[in-house]
Amino acid sequence: MNPDSVKSTLQTLAYGNVMAAAARNYQKEMLAQEKAQTSSSVNDEVDLDELMDDPELEKLHADRIAALKREAEKRQSLTKKGHGEYREITEGDFLGEVTGSEKVICHFHHREFYRCKIMDKHLKTLAPSYLDAKFVKIDAENSPFFVTKLGIKTLPCVVLFRKGIAVDRLVGFQDLGGKDDFTTRRLEALFIKKGIIDEKKKNDDEEAEYDESRRRTVRFSANHDSDSE
């Protein structure tokens, strides 16, 4: 047999053995990695199961669900009473509306008075954001009995009620700088100061959106003095 041929054959066999060994080692490594991943996944599942069985976590979850349910029921109840929107009521509705909710903001207005229209714009903006208070308006011209009983002389007049009792009022714009271009933010701050609405906590996104929407003020070019009856 040719010596060179024998040497070549041996080299070929040796190369084949090396490749086979390498293939076996690679296969072992892959199996080891797969086993490690499977083990980790099992451990994760065990940890999750342990968390799910944690009585403190279960109680926190149950308390959160109960709180959300109570909040939803409260919102539904208030919405049925007319909260969350700015509505017009009649003299016949007045007593039922102001005694039917704990906190009521009632705007006595005249349809033709410019400053009443300005107040309307701001109250309409605030109403959806403060569900605890009811926002309504009533035509003073068509409600002579309550206008007289409440001693309303100047319009716009916003009367604040707590449990059916008139506790405070805003007469014209005298508490808002005396000018037509006050912002909704200023009116809101005044209501918060008087305790008829509660100050809200907002996250950064809500605050940015809120500031942008309140930046637009309501202006009218006509009479700058308070309208009166």
Side-chain angles (χ1 to χ4, degrees), residues 74-75 78-79 81-89 94 97-98 101-141 143 146-147 150-229:
K74 179 182 177 182
R75 292 179 67 86
L78 291 173
T79 300
K81 292 180 180 180
H83 292 236
E85 59 180 333
Y86 180 50
R87 299 177 295 110
E88 179 147 19
I89 61 174
F94 183 79
E97 291 284 359
V98 300
S101 296
E102 182 176 351
K103 296 186 290 186
V104 179
I105 297 171
C106 183
H107 175 205
F108 283 82
H109 76 108
H110 190 289
R111 295 180 184 278
E112 302 302 323
F113 290 175
Y114 289 104
R115 284 195 162 182
C116 290
K117 294 177 181 179
I118 293 173
M119 184 61 74
D120 276 344
K121 293 287 186 178
H122 293 298
L123 293 175
K124 185 177 181 180
T125 299
L126 288 174
S129 299
Y130 291 93
L131 201 63
D132 284 351
K134 180 187 291 181
F135 287 72
V136 294
K137 65 178 178 177
I138 186 168
D139 190 331
E141 194 174 31
S143 310
F146 290 109
V147 165
L150 291 168
I152 295 172
K153 302 295 183 182
T154 301
L155 299 179
C157 182
V158 179
V159 184
L160 312 181
F161 293 88
R162 276 187 174 274
K163 297 180 179 179
I165 299 173
V167 295
D168 208 339
R169 66 181 62 194
L170 277 63
V171 180
F173 292 169
Q174 63 186 29
D175 293 324
L176 296 161
K179 297 181 179 180
D180 294 357
D181 61 351
F182 66 90
T183 63
T184 305
R185 168 78 79 175
R186 184 162 187 172
L187 178 61
E188 177 189 39
L190 185 58
F191 283 153
I192 292 172
K193 182 179 179 180
K194 291 180 177 294
I196 200 67
I197 60 175
D198 296 325
E199 188 170 9
K200 289 181 174 294
K201 293 181 179 179
K202 305 179 182 69
N203 59 36
D204 293 340
D205 290 341
E206 289 175 330
E207 188 69 32
E209 182 179 351
Y210 183 90
D211 288 341
E212 179 63 27
S213 66
R214 298 304 187 274
R215 211 169 279 141
R216 299 187 298 272
T217 57
V218 185
R219 292 184 174 88
F220 285 86
S221 58
N223 296 334
H224 293 287
D225 296 326
S226 293
D227 300 306
S228 62
E229 297 177 307

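Below, all heavy atoms of this structure are taken into account, side chains as well, without hydrogens, waters or symmetry copies.
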> Which is it for K179 and D181 under the side chain to side chain contact (heavy atoms under 4.5 Å, CB included) test, yes or no, and what are the steps along the way?
Replying inline: CA-CA 6 Å; K179 297 181 179 180; D181 61 351; 3.5 Å; yes

> Where do K121 and T125 come nearest, in terms of heavy atoms and distance?
Replying inline: O-OG1, 3.0 Å

>> Quick check for you: to the nearest 0.5 Å, what is the distance between I138 atom CD1 and E88 atom CD?
In response: 8.0 Å

> Side-chain contact, heavy-atom cut-off 4.5 Å: V158 with M119?
Replying inline: yes

>> According to side chain to side chain contact (heavy atoms under 4.5 Å, CB included), who are the partners of R87, at least two apart in sequence or on a separate chain?
In response: E85, I89, E97, K134, V136

> Are the side chains of V147 and F108 in touch, meaning some heavy atoms are under 4.5 Å apart?
Replying inline: yes

>> Return the CZ to CG distance between R169 and D175, rounded to the nearest 0.5 Å.
In response: 12.0 Å

>> I'd like to know if the side chain of R111 and the backbone of E141 have a donor-acceptor N/O pair within less than 3.5 Å.
In response: no

> Looking only at side chains, do H107 and Y86 share a donor and an acceptor under 3.5 Å apart?
Replying inline: yes

> Is there a side-chain contact between D198 and I192 (heavy atoms, below 4.5 Å)?
Replying inline: no

> Does some side-chain heavy atom of L126 sit less than 4.5 Å from a side-chain heavy atom of Y130?
Replying inline: yes

>> Could you check whether any side-chain heavy atom of L190 comes within less than 4.5 Å of a side-chain heavy atom of K194, counting everything from C-beta outward?
In response: yes

> Does the pair C106 and F161 meet the rule for a side chain to side chain contact (heavy atoms under 4.5 Å, CB included), with working shown?
Replying inline: CA-CA 8 Å; C106 183; F161 293 88; 3.9 Å; yes

>> A side-chain contact here means heavy atoms from C-beta on lying under 4.5 Å apart; do D132 and H83 qualify?
In response: no

> Is the H122-F182 ring centre distance short of 6.0 angstrom?
Replying inline: yes

> Do I105 and I196 touch side chain to side chain, with heavy atoms closer than 4.5 Å?
Replying inline: yes

>> Are F113 and P156 packed together at the side-chain level, in the sense that at least one heavy-atom pair is separated by less than 4.5 angstrom?
In response: no

> Between V98 and K103, does a side chain to side chain contact (heavy atoms under 4.5 Å, CB included) hold up when you go through it step by step?
Replying inline: CA-CA 8 Å; V98 300; K103 296 186 290 186; over 6 Å; no

> Is any side-chain N of the basic residue among K193 and E199 closer than 4.0 Å to the acidic one's carboxylate O?
Replying inline: no

> Is there a side chain to side chain contact (heavy atoms under 4.5 Å, CB included) between K137 and L123 once you walk through the steps?
Replying inline: CA-CA 9 Å; K137 65 178 178 177; L123 293 175; over 6 Å; no

> So how far is it from R115 CZ to L155 CG, rounded to the nearest 0.5 Å?
Replying inline: 12.0 Å

>> Tell me if a side-chain donor or acceptor on S101 pairs with a main-chain N or O of V104 at a distance below 3.5 Å.
In response: no

> Which atom pair, heavy atoms only, marks the closest approach of I152 to C157?
Replying inline: CG2-CB, 3.9 Å

> Relative to Y114, does K117 satisfy both conditions: NZ or CZ under 6.0 angstrom from the six-membered ring centre, and within 45 degrees of the ring's axis?
Replying inline: yes

